[in-house]
Structures are given as C-alpha cells and as structure tokens.
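In this chain, residues are counted from 1 in sequence order. Computation of the quantities below employed the complete heavy-atom set of this structure, encompassing side-chain atoms and omitting hydrogens, waters and symmetry-equivalent molecules.
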Amino acid sequence: MAARVLRKFCSPTTLSPLKHYFSLCPRNTSLFVTRNVCIRMASTSTSKAKEKKDVVTVSFIDRDGDKMTVSAKIGDSLLDVAKDNDLDLEGACEGTLSCSTCHLIFEPEEMKTLNLDDPSDEELDMLDLAYGLEDTSRLGCQIIVTKAFEGITLRVPKAHRDVRDF
C-alpha cells in the first residue's frame, strides 16, 4: 500500500530514496505528501512521558486582561499556539509576515532570559505598523516555542491594526 501511495504522489527522482527511507521507518509512521514532496510524519501514538517533554506551559493575557494558561508544543510558532487554544489573536496573513495582527508583548524580564534571535528587517517593518508597540513587542508568527518558554507570560495588545488595509 505505501509503495503504491509513493508511486502515485512522488516524482520518479524522489521515489527511489523515499522507498528505501520508508522501509527503514517503524510501523507506526505515515507519510505526508504535498507538492510532490514526501515527508515522514511520526505517529501520534507516543508515550505520555515524551509528550510532556515536547510541551511547555505558556500564559497569555488577552485584550480584556484575562489570563489564559495553555500548553504549547515545542517547535510551534506562538501564532499556532494561540490559534490551537482559541486565543483572540488574528494572524490575518497566516504567518507570511505581511501583517501585524499577531503582535505579542513579552514581559521585559522574561525577554532577557529567552535568548531570542533579533527580529528580521521584515518583522521590524511590520512591527512599526503595529498598534501599541513596546520595546519587547514581537510578531507571534516569527517566534518558535522552545523549552525556555516554560512559564512565560505574553500580553496581547488592546487592539490590532491590519497593515494590509493601508
């Protein structure tokens, strides 16, 4: 079955190495096929101990001042974490760095301990157009959750401005 799926969706140049790769994969894996590229996806049947290592607790203070504590998967963007937990954070451009609606504000003390990369010029351009900009403002789509995020608190600005409307 897997070889048939590979033949149907993968180009001949990627098929041969992928068939070999797939044969080495454990039985509880599956393939994700998109745009003629095959990617091995791990099975969701992992142990609870492993899941705990892959998740950190993050708190958001929403526009109304209410605190919401959520579980964030390591490797997800903060925009994905907000969307997965139904937090009111728009992300109108879906993480393509062409709006500022996923603007988040870090606590100054926590920002120092996170050791984040400096924002790119594109992110800074979008942040310049964000409502309620602060020194610790970042776009949620550009920040990837790591283990260091355990217990941090982020604020969602009182309002947002979609730069696509300018």
Considering all heavy atoms, the nearest [X]-[Y] contact:
{"X": "T136", "Y": "F106", "answer": "OG1-O, 2.6 Å"}
{"X": "C141", "Y": "G95", "answer": "CB-CA, 3.6 Å"}
{"X": "L78", "Y": "L104", "answer": "CB-CD1, 3.8 Å"}
{"X": "G140", "Y": "S77", "answer": "O-CB, 3.7 Å"}

What distance do [X] atom [atom1] and [Y] atom [atom2] have between them, rounded to the nearest 0.5 Å?
{"X": "D128", "Y": "E123", "atom1": "CG", "atom2": "CD", "value": "10.5 Å"}
{"X": "S98", "Y": "D125", "atom1": "OG", "atom2": "CG", "value": "12.5 Å"}
{"X": "S100", "Y": "L129", "atom1": "OG", "atom2": "CG", "value": "6.0 Å"}
{"X": "S71", "Y": "N85", "atom1": "OG", "atom2": "CG", "value": "7.0 Å"}
{"X": "L79", "Y": "I143", "atom1": "CG", "atom2": "CD1", "value": "11.5 Å"}
{"X": "D62", "Y": "M68", "atom1": "CG", "atom2": "CE", "value": "8.0 Å"}

Could you tell me whether the side chain of [Y] reaches within less than 4.5 Å of the side chain of [X], counting heavy atoms only?
{"X": "F149", "Y": "I144", "answer": "no"}
{"X": "F60", "Y": "T153", "answer": "no"}
{"X": "R138", "Y": "P119", "answer": "yes"}
{"X": "L87", "Y": "V156", "answer": "yes"}
{"X": "V70", "Y": "T57", "answer": "no"}
{"X": "D66", "Y": "I61", "answer": "no"}

Applying salt bridge (Lys or Arg N to Asp or Glu O under 4.0 Å) as the test, list every pair that has at least one member in residues 67-87; sequence neighbours left out.
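Those involving residues 67-87 do not exist here.
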Cluster question for you: counting only ILVMFWY and a side-chain heavy-atom cut-off of under 4.5 Å, with indirect links fine, are [X] and [Y] together?
{"X": "L133", "Y": "L97", "value": "yes"}
{"X": "L116", "Y": "I105", "value": "no"}
{"X": "L89", "Y": "V58", "value": "yes"}

With sequence neighbours excluded, give me every side-chain hydrogen bond (donor to acceptor under 3.5 Å, both in side chains) pair touching residues 102-119.
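Sorted pair list: H103-S137.
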Test salt bridge (Lys or Arg N to Asp or Glu O under 4.0 Å) applied to D88 - qualifying residues, sequence neighbours left out:
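Residues passing salt bridge (Lys or Arg N to Asp or Glu O under 4.0 Å) with D88: R63.
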Excluding sequence neighbours, so at least two apart, what forms salt bridge (Lys or Arg N to Asp or Glu O under 4.0 Å) with E134?
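With neighbours one apart ignored, the set is R155.
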Suppose we screen for side-chain hydrogen bond (donor to acceptor under 3.5 Å, both in side chains). Which residues come up paired with Q142, at least two apart in sequence or across chains?
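Q142 satisfies side-chain hydrogen bond (donor to acceptor under 3.5 Å, both in side chains) with no other residue.
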Contacts of type side-chain hydrogen bond (donor to acceptor under 3.5 Å, both in side chains), residue T69, not counting sequence neighbours
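T69: side-chain hydrogen bond (donor to acceptor under 3.5 Å, both in side chains) contacts with S59.
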Verify the neighbour count for atom CD of E94: are there more than 12 heavy atoms of other residues, nucleotides or ligands below 6.0 Å?
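For E94, atom CD is not crowded (no more than 12 foreign heavy atoms under 6.0 Å).
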